[in-house]
Amino acid sequence: MKKENKLSELSLEELTSKKKKIQGAAIGISAVMFVACCVLFYFAVITGNFALIAIAFGSFFILMPTLMNINQINTEIKSRKSKYL
């Protein structure tokens, strides 16, 4: 079953507010992830357990669904703006 596109049901103002909320959350999460990766790198060097470096790089894949959602919202906003021009 294909999921219905819920973004098409939202107004342009709702889309922009949703985009701002998601971007704020993504920035906050990425800042925390950056600090956590720095701590993991530090512990990897101190303890000699270099598998922690792989975990640090792999943890950034958590942000992929958020970035994909922002991209979908941007596409919907652009398609709406092109309709009105």
Side-chain angles (χ1 to χ4, degrees):
M1 288 189 199
K2 186 176 178 181
K3 287 175 41 178
E4 189 175 319
N5 188 4
K6 295 182 181 180
L7 294 177
S8 62
E9 298 173 359
L10 299 175
S11 69
L12 192 58
E13 293 82 20
E14 291 172 334
L15 283 173
T16 54
S17 68
K18 185 173 183 173
K19 177 185 169 186
K20 287 180 184 179
K21 286 179 188 177
I22 293 174
Q23 277 183 336
I27 290 170
I29 291 171
S30 62
V32 171
M33 298 268 299
F34 180 74
V35 171
C37 286
C38 290
V39 170
L40 282 174
F41 281 128
Y42 174 75
F43 284 133
V45 171
I46 296 299
T47 61
N49 187 1
F50 296 108
L52 294 175
I53 295 174
I55 293 171
F57 282 123
S59 64
F60 278 107
F61 288 109
I62 293 172
L63 295 174
M64 291 300 292
T66 306
L67 297 176
M68 289 172 30
N69 195 0
I70 291 172
N71 192 19
Q72 288 175 348
I73 292 172
N74 283 337
T75 305
E76 184 69 26
I77 290 172
K78 285 180 185 177
S79 70
R80 298 248 182 114
K81 287 184 179 179
S82 66
K83 284 181 185 178
Y84 296 123
L85 292 178

Novice: With hydrophobic residues grouped by side-chain heavy-atom distances under 4.5 Å, do Ile22 and Val32 end up in a single group?
Specialist: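 Ile22 and Val32: separate clusters.
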Novice: So which heavy atom on Ala56 is nearest to which on Phe60, and how close?
Specialist: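 So the minimum-distance heavy-atom pair works out to O-CD1, 3.6 Å.
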Novice: Tell me, do Glu76 and Leu10 make a side-chain contact under 4.5 Å, heavy atoms counted?
Specialist: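 Sidechains of Leu10 and Glu76: no contact.
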Novice: Rounded to the nearest 0.5 Å, how far apart are CG of Leu67 and CD of Gln72?
Specialist: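 If we round to the nearest 0.5 Å, Leu67:CG and Gln72:CD are 11.5 Å apart.
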Novice: Could you tell me if the ring centre of Phe57 sits under 6.0 Å from that of Phe41?
Specialist: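 Yes, they do, as the ring centres are separated by less than 6.0 Å.
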Novice: Honestly curious: do Ile55 and Met33 fall in one hydrophobic cluster under the side-chain, below-4.5 Å linking rule?
Specialist: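 Per the 4.5 Å side-chain linkage, Ile55 and Met33 are not co-clustered.
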Novice: Determine the minimum heavy-atom distance between Leu63 and Ala26, stating which atoms define it.
Specialist: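 Closest approach of Leu63 to Ala26: CD2-O, 4.4 Å.
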Novice: Calculate, to the nearest 0.5 Å, the distance between atoms OG1 and CG belonging to Thr47 and Leu52 respectively.
Specialist: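 One gets 5.5 Å once the value is rounded to the nearest 0.5 Å.
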Novice: Taking the side chain as C-beta and beyond, is there a heavy-atom pair between Ile73 and Ile70 under 4.5 Å?
Specialist: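 Heavy-atom side-chain distance check fails, nothing below 4.5 Å.
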Novice: What's the shortest heavy-atom distance between Arg80 and Glu9, and which atoms?
Specialist: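 The answer is NH2-N, 4.3 Å.
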Novice: How many angstroms lie between OG in Ser17 and CG in Leu12, if you round to the nearest 0.5 Å?
Specialist: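 Rounded to the nearest 0.5 Å, the OG-CG separation comes out at 10.0 Å.
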Novice: Drop me the distance from Ser8's OG to Leu15's CG, to the nearest 0.5 angstrom.
Specialist: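 With rounding to 0.5 Å, OG (Ser8) is 9.0 Å from CG (Leu15).
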Novice: Quick one: list whatever passes side-chain hydrogen bond (donor to acceptor under 3.5 Å, both in side chains) with Asn74, sequence neighbours left out.
Specialist: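 Testing Asn74 for side-chain hydrogen bond (donor to acceptor under 3.5 Å, both in side chains), a comparison that skips the adjacent residues, returns Lys19.
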Novice: Within the 4.5 Å heavy-atom criterion, are Ile53 and Leu40 side-chain neighbours or not?
Specialist: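 No; the side chains remain at least 4.5 Å from each other.
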